[in-house]
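All chains are named by letter (A, B, ...) in the order of the sequence lines, taking the proteins before the strands, and each is independently numbered beginning at 1.
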Amino acid sequence: MSTSASEPSAFDRLHPEIRRWIRDQGWMGLRPIQDEAIRTVLGSEADVVVMAGTASGKTEAAFLPLLTRAAEPGDGGLRILYVSPLKALINDQYRRLETLCERLEMPVTRWHGDAPAAAKAKLLRHPAGVALITPESIEALLLRRQADAARLFRGLQSIVVDELHAFLKGPRGLHLSSLLGRVDRLCEKRPRRIGLSATLGDDDAGRCWLNPAQPETPVVLRSRDGGSGLKLQVRGYEEPPDASGVDEIADDGDDALSRIADHMFEHLRGSNNLAFAGSRRTVEALADRLRQRCVAKGLPEEFFPHHGSLAKELREELELRLKSGDLPTTAVATTTLELGIDLGNVKSVAQVGAPKSLAALRQRLGRSGRRGDPAVLRIYVRERHVAADADPLDQLRIATVRSVAAVRLLVDGFVEPAGDDPSLATVVLHQTLSTIAADGAIRPVAAHRAICDKNSYLAMGTSDYAALLRGAARDDVGLLEQSSDGLLMLGPEGERVTAAHDFYAVFETDDEWRLVAEGRTLGTVPISNVLAIGALVGFAGRRWRVESVDDRSKVLVVAPHRAGKLPKFDPPTGEPVHARLSQEIRHVLASEDVPSYLDPAARAFLQEGRAAYRRLGLDRSCAIASGSDTVLATWAGTAVNDILMVLLQSAGLECQADDVAIEIADCSPDELRKLLGTISEVPSTEALASFVENLRSAKYDQFVDEDLLRRLWAKRAKPAREQAIATIGDLVW
DNA sequence: GACCTGCTGCGGGGTG
């Protein structure tokens, strides 16, 4: 960006007190992303997406110019609303903003469930400055304290959404979008929106979220630094023939996880690292193996587990230890450390198991923060033992191949785009209930306009919305009632649901047991666990014996023990694989080059997989016989294969889909080819929808009209149907 | 579907 000599620099445009604060911080200067953000925010009224990696200073990029604006004389009132998906992030940002805002004599208020109530009450009495809040706390404010909220937000200038990428998919993103629309309507002037995000593959998704009515208007600023390269290794490990497929705390020393632990112990010891292990069970099993190795060598512990069932205190201790950098520390985590507070210098990232999505892989890689140094990534691939009579697909060494395919796409810069979300009906219903509970009765037309018209991120047609309302007003549902003059009101069930403590969040959580040892809460395990006195559990990286069970308060008192079985967390399943990654898997199988980043075992797996690909004839034909069944290799990804599975099921076949293929029971390749030949036209998704099971997945789907859920499924499935038609056309028999 | 995230308002009693 060129600037004329007469134009003041970005720095000079900031408030004098902010300039002084910057000098006091000892900064060498503004980072390019900050410079750009200051010019854009102070030079226009546009919404802005700031995309940059960890430790890039994007919070300051947004706040320096916004605070400059907010410090201009005016009527007072709350000026900036910052929204975060995590309480921990709010506390972190609070500490960062405190001194800066003090200079401007501008109050900063934390607003979440654990934040001090006195400060919240003070803000309501004297709205001013900056508030840091969660989506659920916005919901509570709008629902329970409508009048306070109106006064609080009246003069709002800007809304900052941190970790915007976390809101681009899932019910919580729909929820927050709706809440911000409700906040807008309480403001004299629509506040400008600023999104802070990790680097996204697709700018349009972020812009559309920020301003769904005018998605072409937000300005995207993208940090160009951080490209210091990538050091990468993919390592292969084979499970022993008798492996159960379930990770246990048991040091047999021979399973893949134990050998992975050997390598990690050797190479991660002495520095700060993150190891992503997938499930809580695997996290516990791996952390225990690593701890055992420290104990055996008489070394202090430096490997610790981190997952959502662990007590907050234990997690915070570990986060603090990583951040302070005083002691070498490796966190073995699920997805808990993908988002959140800055973890300081992280030397390397390890991923146990082949990646299934580029979005998650990139997010994880981005959590290693050492400016100027190349990122270091190790992928530990676990392959099953392949018996002589193994299923054809098992012979392809898909995990290793998928890792290579994922690395190729990582280099290409590919990230899965977010599709339409299956929780739309639940969130629209939730927001309808919340709006009525807060504002009182409302007309259906007004409710549609306020919550889900065509300019909304939750857009839903009027006839679909009418069906949603009719379903919720049915006598046996009782969420809504309609008065004789057409006003919508809460029914008895609606009163109950909106009064419930769990109404503020639009996602569900299961009841869990609380594990207590020596008076200290270790964390929780799902209630589905059947546990008795004397049972052994592995938790928080150690082994425990159950001493007492309190069924009423759901407390398990445990004591330390030598041996331990792992808590039965939810059974493992899969995350969907995008068509692009599935296709890339086939390209890797069909090509010859052997990447230098593979260790000898991974190299051997890749070559075995390629040999099997040719031996099975998959280079020539899409279908191979497996006993009396057929494996149809589509290389089309989870969504398309799911459509094809429904199609085949609607034709009376029994089948099971995964991300690269579909297995069809009691059907030869020849019969399958003939059958697909007779299907002159793939049925519409509306027709296929009647064969879909498990339509109800989101929190309030139990109250949603089933036909509506089928129609919404059909709408979502249309792009996948188009791809499925193309896939069938491309099949080579 | 692996995993994760979040959360009243009010009344009664005690203290400064």
Side-chain angles (χ1 to χ4, degrees), chain A residues 83-91 110-115 117 120-121 124 133-149 162-163 165-167 169-176 179 245-247 276-284 305-310 312 315 332-341 351-357 359-360 363-364 421-423 430 434 437-438 497-510 512 523-524 526 569-577 638-639 641-642 656-659 693-699:
Chain A
V83 190
S84 153
L86 302 172
K87 290 183 289 192
L89 203 49
I90 286 176
N91 296 339
R110 280 177 288 172
W111 194 297
H112 57 67
D114 303 334
K120 297 185 205 170
L124 289 184
I133 198 166
T134 60
E136 289 71 21
S137 283
I138 299 177
E139 177 68 73
L141 206 46
L142 295 176
L143 178 61
R144 306 277 179 229
R145 320 180 72 157
Q146 173 84 342
D148 287 337
D162 205 352
E163 309 271 13
H165 54 280
F167 292 113
K169 62 175 187 177
R172 222 168 162 214
L174 293 168
H175 186 199
L176 179 59
L179 293 170
V246 181
D247 291 319
F276 292 98
S279 70
R280 288 173 285 191
R281 189 182 188 97
T282 303
V283 163
E284 287 289 350
H306 192 282
H307 56 74
S309 295
L310 273 178
K312 198 177 68 175
R315 292 167 54 170
V332 184
T334 54
T335 61
T336 36
L337 291 178
E338 277 181 18
L339 281 187
I341 63 164
Q351 152 93 28
V352 178
K356 290 194 115 179
S357 90
Q363 183 64 30
R364 290 169 184 191
D421 199 87
S423 58
H430 178 264
S434 173
V497 165
T498 54
H501 183 234
D502 76 346
F503 183 71
Y504 308 100
V506 82
F507 52 86
E508 251 179 322
T509 37
D510 298 332
E512 299 198 306
T524 57
F569 297 119
D570 299 326
T573 56
E575 177 187 18
V577 168
T638 313
N641 281 354
D642 280 349
Q656 187 56 51
D658 75 3
D659 34 291
E693 313 218 16
N694 306 332
L695 280 167
R696 298 178 197 277
S697 58
K699 189 175 180 185

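Protein atom NZ of Lys312(A) is 16 Å distant from nucleotide atom P of dC4(B), rounded to whole Å. Rounded to an integer number of Å, the gap from CD of Gln351(A) to P of dA2(B) is 17 Å. For the pair His165(A) NE2 and dC3(B) P, the computed distance is 20 Å after rounding to whole Å. Following rounding to the nearest Å, Leu339(A) (CG) and dC4(B) (C1') show an atom-to-atom distance of 8 Å.
Lys312(A) places a side-chain heavy atom less than 4.5 Å from the side chain of Asp114(A). For the pair His175(A) and His430(A), the minimum side-chain heavy-atom distance is below 4.5 Å. The shortest distance between side-chain heavy atoms of Gln363(A) and Leu339(A) falls below 4.5 Å.
Pro85(A) approaches Glu163(A) most closely through the heavy-atom pair CG-CB, 3.9 Å.
At dA2(B), none of the side-chain N or O atoms of Ser279(A) fall inside 4.0 Å of OP1 or OP2 (strictly under the cut-off).
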Where do N or O atoms of nucleotides 5-11 of chain B meet protein N or O atoms at under 3.5 Å, pair by pair?
unit_1	atom_1	unit_2	atom_2	d
dT5(B)	OP1	Arg315(A)	NH1	3.2
dT5(B)	OP1	Arg315(A)	NH2	2.3
dT5(B)	O3'	Pro85(A)	O	3.4
dT5(B)	O2	Arg172(A)	NH1	3.4
dG6(B)	OP1	Lys87(A)	N	2.6
dG6(B)	O4'	Glu136(A)	OE1	3.4
dG6(B)	O3'	Thr134(A)	OG1	3.2
dG6(B)	O6	Thr509(A)	OG1	3.0
dC7(B)	OP1	Gly113(A)	N	3.0
dC7(B)	OP1	Thr134(A)	OG1	2.7
dC7(B)	OP1	Ser137(A)	OG	2.7
dC7(B)	OP2	Gly113(A)	N	3.3
dC7(B)	O2	His501(A)	O	2.3
dC7(B)	O2	His501(A)	ND1	3.4
dC7(B)	O2	His501(A)	NE2	3.3
dT8(B)	O4'	Tyr504(A)	OH	2.9

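For Lys120(A), there are no salt bridge (Lys or Arg N to Asp or Glu O under 4.0 Å) partners two or more places apart in sequence or in a different chain.
Side chains of His306(A) and Thr336(A): a donor-acceptor N/O pair is present below 3.5 angstrom, by distance only.
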